[in-house]
Number of protein chains: 2
Amino acid sequence: MRIIEDDRDYREFIKIIRDRSEDFGIDVLEDSKIIIEHVKKSGDFAVELYTNRYDRFQNNTFKVSQETIEEYAGKTERSFLDALSKSIERIRHFHEKQVERSWKFKDALGVELGQIIRPLERVGVYVPGGKAAYPSSVLMNVIPAQIAGVKEIALCVPFPDGQVNPYVMAAVKAVGVTEVYAIGGAQAIAAMAYGTQTIKKVDKIVGPGNAYVAAAKKMVFGTVDIDIIAGPSEILIAADETAEAAFIAADLLSQAEHDENASSILVTTSRELVGKVQAELTERIEKLSRKEIVQHSLENYGAIIMAADTTEMFDRVNEIAPEHLEIMTKAPERDVELVKNAGAVFLGKWSAEPLGDYSAGPNHVLPTNGTARFFSPLGVYDFIKRTSLINFTEAGFKDIASAVEAMAGYEGLDAHAESVAVRKRALGEI
Amino acid sequence: MRIIEDDRDYREFIKIIRDRSEDFGIDVLEDSKIIIEHVKKSGDFAVELYTNRYDRFQNNTFKVSQETIEEYAGKTERSFLDALSKSIERIRHFHEKQVERSWKFKDALGVELGQIIRPLERVGVYVPGGKAAYPSSVLMNVIPAQIAGVKEIALCVPFPDGQVNPYVMAAVKAVGVTEVYAIGGAQAIAAMAYGTQTIKKVDKIVGPGNAYVAAAKKMVFGTVDIDIIAGPSEILIAADETAEAAFIAADLLSQAEHDENASSILVTTSRELVGKVQAELTERIEKLSRKEIVQHSLENYGAIIMAADTTEMFDRVNEIAPEHLEIMTKAPERDVELVKNAGAVFLGKWSAEPLGDYSAGPNHVLPTNGTARFFSPLGVYDFIKRTSLINFTEAGFKDIASAVEAMAGYEGLDAHAESVAVRKRALGEI
């Protein structure tokens with residue numbers, strides 16, 4: 001893990017981590033485009049074709065029966081189901097706080113203005129199969145939509161070689177999603193965006209996926225809404241001399257195990273802490289099952305950045321704008337005030353980042369690679385839409401009619417002005 | 001204007017209006033891409049080059065001085081400035097209601113969870129020059145950002161042949177934006193997204209523009225955030241036999257004058273009303289300065305759709321999901337409950353759609369072409385970002401530690417589990 005002591009090295013490192021944002025190649029784009037067009041044109045036929053080809057899976061329907069869901073879910077352990085229940089309960093509780101209500105107000109002339117909030121009607125959730133099949137991802141994508149009031153949730157999860165991860169199916173069962181399709185890749189995204197004979201089209205698609213899924217989501221954006229496209233995962237730990245080196249090392253490693261493009265960064269004012277963290281890392285890394293991934297990730301995208309003081313420390317934090325930020329300083333509740341850009345902040349030594357991945361309550365779908373400058377965690381607000389309400393009285397109309405006419409006139413839109421004038425004439429005002 | 005009486009014609013019409021969504025050609029994409037890459041690499045030099053080429057405008061700096069802004073603004077009429085002030089006041093008042101506050105809560109174990117809301121730090125607003133230079137667009141894009149608390153707002157507006165619309169400059173002055181650049185097109189979007197020697201990069205770019213601007217915005221999305229890309233404008237008027245034909249005709253025409261791709265639709269249960277509206281249209285169209293545009297737009301994308309009853313009327317509304325929806329029925333305040341998808345609803349005969357374009361208060365940047373199914377009007381919420389707050393106590397940690405460890409274990413992420421285990425050992429729990 002490199003140690004960065006000066007600004008030049010720091011600038012270079014920023015460039016390195018920013019360049020991780022894997023823009024899929026033109027071949028992925030082209031392949032996805034072909035699949036999308038085919039599904040758009042041929043519906044189920046094309047979906048079956050690609051499912052057969054890529055997942056080596058053929059069935060008389062790709063709708064997953066309730067029995068199949070139950071069967072897989074039944075294979076999971078009691079201890080898993082207990083952990084799942086606890087997580088679901090906490091995630092629901094947190095997301096309920098995000099619910100926004102419609103509002104309106106009336107002015108002295110009786111004019112009513114407002115904002116109507118309604119849930120999206122139908123949402124598609126993509127869940128990866130294979131290696132990256134995570135039950136927690138089902139919870140984090142489905143629960144906010146349910147809390148928002150989305151009535152129809154369709155979930156696509158590939159069954160490579162006809163099999164699916166039982167823990168994922170247990171999560172699907174636990175959150176109560178019943179409309180499940182055993183399909184994946186660009187064909188699943190296209191099926192949800194355009195609809196097929198079997199699958200009704202949705203209003204929004206969320207959930208992580210491989211490069212083909214990400215490319216397909218970008219391409220159907222506009223026909224449906226999509227969530228933010230997640231980049232490789234990151235943690236930044238801001239720590240001073242009071243922090244526990246073992247906790248820091250463990251948390252850096254937990255991020256690094258995600259994949260080789262993950263980035264684990266320590267920013268600290270304490271040279272003493274650096275030595276201790278390095279020793280802990282060396283010892284701990286040996287015990288990990290995903291040791292090779294961890295080593296690659298730390299070597300390529302890991303760093304210990306020295307900061308002169310707290311101000312410089314949080315300047316670095318805000319420039320990097322990390323997905324996950326742990327603050328392990330003397331006064332984390334004070335220092336959090338200095339944070340401008342981060343997906344989620346974890347304060348103090350008991351707020352280990354993995355708590356947020358599973359059970360703390362807030363969403364684990366977070367902006368990556370500096371996009372916390374302008375993006376937010378996935379939330380209930382991603383599953384609603386707003387409509388402006390405009391309800392004028394005669395008196396209210398009279399009050400602004402001339403302003404509207406004038407603006408329209410100066411913009412050269414005389415039919416706009418006439419829409420006001422015809423009403424003024426009806427009132428005998430002209 | 002076609003009259004649609006059966007479902008087959010209705011389906012065909014839906015296809016016609018949906019196909020308006022002008023996906024710019026590959027040439028526009030390629031040209032924009034070249035410009036973006038050039039600006040990214042050469043900064044100001046490239047911006048000047050393209051400004052000189054496309055706007056035939058050369059200057060020793062493209063930063064617009066306060067004197068220039070004042071000079072242009074000084075050319076506008078008192079009546080315009082009054083209308084502008086009135087509009088600004090009402091737009092501010094409405095958008096202030098959209099402000100959201102950070103929140104947090106503590107549970108019985110002292111665990112604090114929350115959502116921190118902060119304004120974006122720096123936003124770029126694009127304002128078109130030439131024919132489509134609208135001062136109202138300055139208000140609608142700048143005011144929500146200001147209300148959100150965005151401190152730095154940079155505004156780009158092209159000066160074709162060295163000239164700019166004085167009304168636009170008066171609007172810029174009135175809302176108090178002082179950082180203005182006389183540049184446009186893809187070069188302006190690239191300059192804001194990547195920064196140049198003169199222009200500091202922004203976090204988000206909003207505002208309408210031509211095909212090159214729209215293509216460039218799509219391409220820089222991810223590096224910065226962008227607003228929804230607006231399609232051609234639309235109005236749908238849902239009216240029964242109680243509605244005033246003259247008002248309906250005037251409002252349909254006001255939408256049709258925007259451009260040839262605009263769509264004006266009447267959905268009604270009253271055959272008598274249809275005759276009256278047609279007569280009004282025929283008479284009124286003759287008097288309009290943009291008569292040819294209006295005729296094209298009505299012919300290609302206009303329709304009167306007959307509905308059997310109120311239920312069918314609002315089924316049509318919800319499927320079309322119009323940008324602007326006027327409800328002119330016996331009981332608009334009751335019928336608005338039936339609306340699921342619309343950018344803005346205008347109730348009753350005094351709520352003429354142009355009021356919403358300028359002075360009513362709500363934003364005029366609205367989802368078009370059916371995207372009201374999942375998109376919202378531009379608002380204060382588009383200029384903030386959220387950060388999740390996670391602050392665990394020892395007791396809170398103990399309460400969920402096992403659940404987190406279990407979930408991580410079943411997902412095969414043992415470094416995640418170890419981040420919890422190292423803390424449990426420190427507590428003497430293992």
Side-chain angles (χ1 to χ4, degrees), chain A residues 79-80 83 86-87 94 113 120 134 136 167 203-204 225 246-247 250-251 253-254 257 288-289 342 344-347 350-352 354-356 358-362 373-374 376-377 385-394 397 400 403-404 406-408 410-411 413-416 418-420 422, chain B residues 79-80 83 86-87 94 113 120 134 136 167 203-204 225 246-247 250-251 253-254 257 288-289 342 344-347 350-352 354-356 358-362 373-374 376-377 385-394 397 400 403-404 406-408 410-411 413-416 418-420 422:
Chain A
S79 59
F80 172 74
K86 181 139 197 152
S87 303
F94 180 84
L113 299 175
L120 303 189
Y134 295 138
S136 56
Y167 301 103
D203 297 322
K204 180 164 187 164
D225 192 17
F247 294 4
D251 297 356
L253 293 171
S254 82
E257 82 173 330
L288 298 175
S289 63
V345 286
F346 298 77
L347 304 189
W350 303 116
S351 304
L355 269 53
Y358 299 110
S359 317
R373 275 164 48 227
F374 43 80
S376 298
K385 63 201 173 199
R386 299 172 180 90
T387 299
S388 300
L389 174 74
I390 295 169
N391 188 5
F392 270 73
T393 54
E394 185 185 312
F397 169 78
I400 68 163
V404 174
M407 294 282 289
Y410 289 110
E411 287 192 354
L413 296 173
D414 60 347
H416 280 62
E418 173 59 20
S419 153
V420 174
V422 66
Chain B
S79 59
F80 172 74
K86 181 138 197 151
S87 302
F94 181 85
L113 300 175
L120 302 189
Y134 295 137
S136 56
Y167 301 103
D203 296 323
K204 181 164 186 163
D225 192 16
F247 295 3
D251 297 356
L253 293 171
S254 81
E257 82 174 328
L288 298 175
S289 63
V345 285
F346 298 77
L347 305 189
W350 303 115
S351 303
L355 269 53
Y358 299 108
S359 317
R373 274 162 49 226
F374 42 81
S376 298
K385 63 204 172 195
R386 300 171 180 90
T387 298
S388 299
L389 175 75
I390 295 169
N391 188 6
F392 269 73
T393 54
E394 185 185 314
F397 169 78
I400 69 162
V404 174
M407 294 282 290
Y410 288 112
E411 287 192 354
L413 296 173
D414 61 347
H416 279 63
E418 173 58 20
S419 154
V420 174
V422 65

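When all heavy atoms of Phe374(B) and Asp225(A) are compared, the pair lying nearest together is CD1-CB, 3.5 Å. Considering all non-hydrogen atoms of both residues, Phe392(B) and Ser351(A) come closest at N-OG, 2.7 Å. Residues Leu120(A) and Arg373(B) come closest through the heavy atom pair CD2-O, 3.4 Å. The minimum heavy-atom distance between Ile400(A) and Leu355(B), with the atom names listed, is CD1-CG, 3.7 Å. Nearest approach of Pro377(B) to Arg386(A), heavy atoms of both residues: CD-O, 3.1 Å. Pairing each heavy atom of Ala406(A) with each of Ser79(B), the nearest pair is CB-O, 4.3 Å.
Residue contact with chain A, scored on non-hydrogen atoms closer than 4.5 Å, involves the side chain of Ser87(B) exclusively. With a 4.5 Å cut-off on non-hydrogen atoms, Val420(A) touches chain B through its side chain but not through its backbone. Of the atoms belonging to Ser359(A), heavy atoms from both backbone and side chain fall under 4.5 Å from chain B.
Each of Ala342(A), Gly361(A), Gly356(A), Ala246(A) has some count of heavy-atom pairs under 4.5 Å with chain B, and the biggest count is that of Ala342(A). Across Asp251(A), Leu253(A), Leu288(A), the residue that shares the most heavy-atom pairs under 4.5 angstrom with chain B is Asp251(A). The residue among Ala83(B), Ala408(B), Ser388(B), Ala344(B) with the most heavy atom pairs within less than 4.5 Å of chain A is Ser388(B). For the options Pro354(A), Ala250(A), Ala403(A), heavy-atom pairs under 4.5 Å to chain B are most numerous at Pro354(A).
Taking the six-membered ring for Trp and thresholds of 30 and 60 degrees, Tyr410(A) and Phe80(B) have ring planes more than 60 degrees apart, a perpendicular arrangement. Between His416(A) and Tyr358(B), the ring-plane angle classifies as perpendicular under the 30° and 60° cut-offs.
Interatomic distance, CG of Asn391(A) versus CH2 of Trp350(B), reported as 13.0 Å (0.5 Å rounding). Rounding to the nearest 0.5 Å gives a distance of 5.5 Å between OG of Ser136(B) and CE of Met407(A).
Within the 4.5 Å cutoff, the side chain of Val422(B) has heavy atoms near those of the Phe247(A) side chain. Side-chain atoms of Ser254(A) and Glu418(B), non-hydrogen and from C-beta on, never get closer than 4.5 Å to each other.
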